[in-house]
Amino acid sequence: MKIVLNGEPREVRAETLAELLQECGFSGRVATAVNEDFVPSSLRIAHALKVGDRVEIVAPMQGG
Amino acid sequence: MKKFYGTQLPNRLMLGTAQYPSPAILERAFRDSGAGVATVSLRRESGAGQTFWQMIRELGVLILPNTAGCHTVKEAVTTAHMAREVFDTKWIKLELIGHTDSLQPDVFQLVEAARILTEDGFEVFPYTTDDLIVGERLLAAGCEVLMPWGAPIGSGRGLNNEYALRAMRAEFPDVPLVIDAGIGLPSHAAKAMELGYDAVLLNTAVARAGDPAAMAKAMMLAIEAGQLAHQADPIEARDMAEPSTPVIGKAFLS
């Protein structure tokens, strides 16, 4: 299905958020949000993706 | 030293982790200064995040994630939740930017976001202005720390409104107060300490200096000097001279 991942349109096979992370090779310390709502890591397996979902995957970065 | 949400800080320097010429220089700035708190952020994962996280962990400092760049309550609250999970801390430096050029906080949204996050169990470090009423509202919303700006972020102008910062210190004698943003020189950091502030948070002044590690150390020394001076009860400034050498007993030679 077509989704938007970190601002880029993507065609993915994943049906859940957890599968998406695996499919796109995200590991380590990341946090997720779908359609601007935070999705805790414990809920990623149960979180079904829908066509057009806007998924954000963020990681630690330098900051002031 | 006042505790920050029950935590005793090792010292009074909070140092940002952005804009250094290299990760090695960032690391040296922390090691040479001994800064006890590192501010960090979250950005879209591009592969560099995990290496950065590993390095920050090895510094062995307290981590203060920020919501830099957020312009709405919703955005800041979501970012805070993501930061809590990634960095495994209840601390959040709450930034809600209201103006593009000055990066002045939007204090109305700031108070609202602080209330929501406090109710969600966060320990909020709000980046705010030197407005006393906003400070009161933030405390009423559950904040136990206030972080007024000295000057706009990255400007290096120092303490733009010393009068207001002095008033803030007097108004909230028991609240940990941090000068966050605007510091450019060690003398600015020393001044903040002389005013009785509890800590200083800075980034650009160190990271963009020609020798960031040396500047970080200079900042820490200035903070120590300023704090010691504050405790030592400085004299009042006066307009006229007052001889320091005793007049009595001076030989009559004219």
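Note that the coordinates shown come from a computational prediction; the quantities given were computed from them, not determined experimentally. Chain A is the first sequence line, chain B the second, and so forth, proteins listed ahead of strands; every chain is numbered from 1. No hydrogens, no waters, no symmetry mates; every other heavy atom, side chains included, goes into these values.
Residues A/Arg29 and B/Asp88 approach most closely at NH1-CB, 4.0 Å, considering heavy atoms. Residue A/Val58 comes nearest to B/Leu42 through the heavy atom pair CG2-CD1, 3.9 Å, listed as atom of the first residue, atom of the second, then distance. The shortest non-hydrogen separation linking B/Gln50 to A/Pro60 is NE2-CD, 4.5 Å.
Shown here are the side-chain hydrogen bond (donor to acceptor under 3.5 Å, both in side chains) partners of B/Asn160, two or more places apart in sequence or in another chain: B/Arg157.
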Using distance only, find each side-chain donor-acceptor pair of residues 122-129 of chain B under 3.5 Å and give its atom names and separation, not counting sequence neighbours.
| residue | atom | partner | partner atom | Å |
| --- | --- | --- | --- | --- |
| B/Glu123 | OE1 | B/Trp91 | NE1 | 3.1 |
| B/Tyr127 | OH | B/Leu103 | O | 3.3 |
| B/Thr129 | OG1 | B/Asp131 | N | 3.3 |

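The contact list for residues 54-83 of chain B toward chain A, using heavy atoms and a distance under 4.5 Å, reads B/Asn66, B/Lys74, B/Thr78, B/His81, B/Met82 by residue number. Contacts between residues 208-218 of chain B and chain A, counted as heavy-atom pairs separated by less than 4.5 Å, involve no residue at all.
For CD of A/Gln22, the number of neighbouring non-hydrogen atoms (other residues, nucleotides, ligands) closer than 6.0 Å is 12 at most. The local environment of CZ in B/Phe108 is sparse, with at most 12 non-hydrogen atoms from other residues, nucleotides or ligands closer than 6.0 Å.
Both the backbone and the side chain of B/Phe87 have a heavy atom closer than 4.5 Å to some heavy atom of chain A.
Side-chain N or O atoms of B/Arg44 include one that pairs as donor or acceptor with a backbone N or O of A/Asn6 at under 3.5 Å. Between the side chain of B/Glu85 and the backbone N or O of A/Ser41, at least one donor-acceptor pair lies under 3.5 Å.
One finds the CZ atom of B/Arg43 at 11.0 Å from the CD atom of A/Glu56 (value rounded to the nearest 0.5 Å).
Between chain B and the options A/Gly64, A/Gly28, A/Pro40, A/Gly63, heavy-atom pairs under 4.5 Å are most frequent for A/Gly63.
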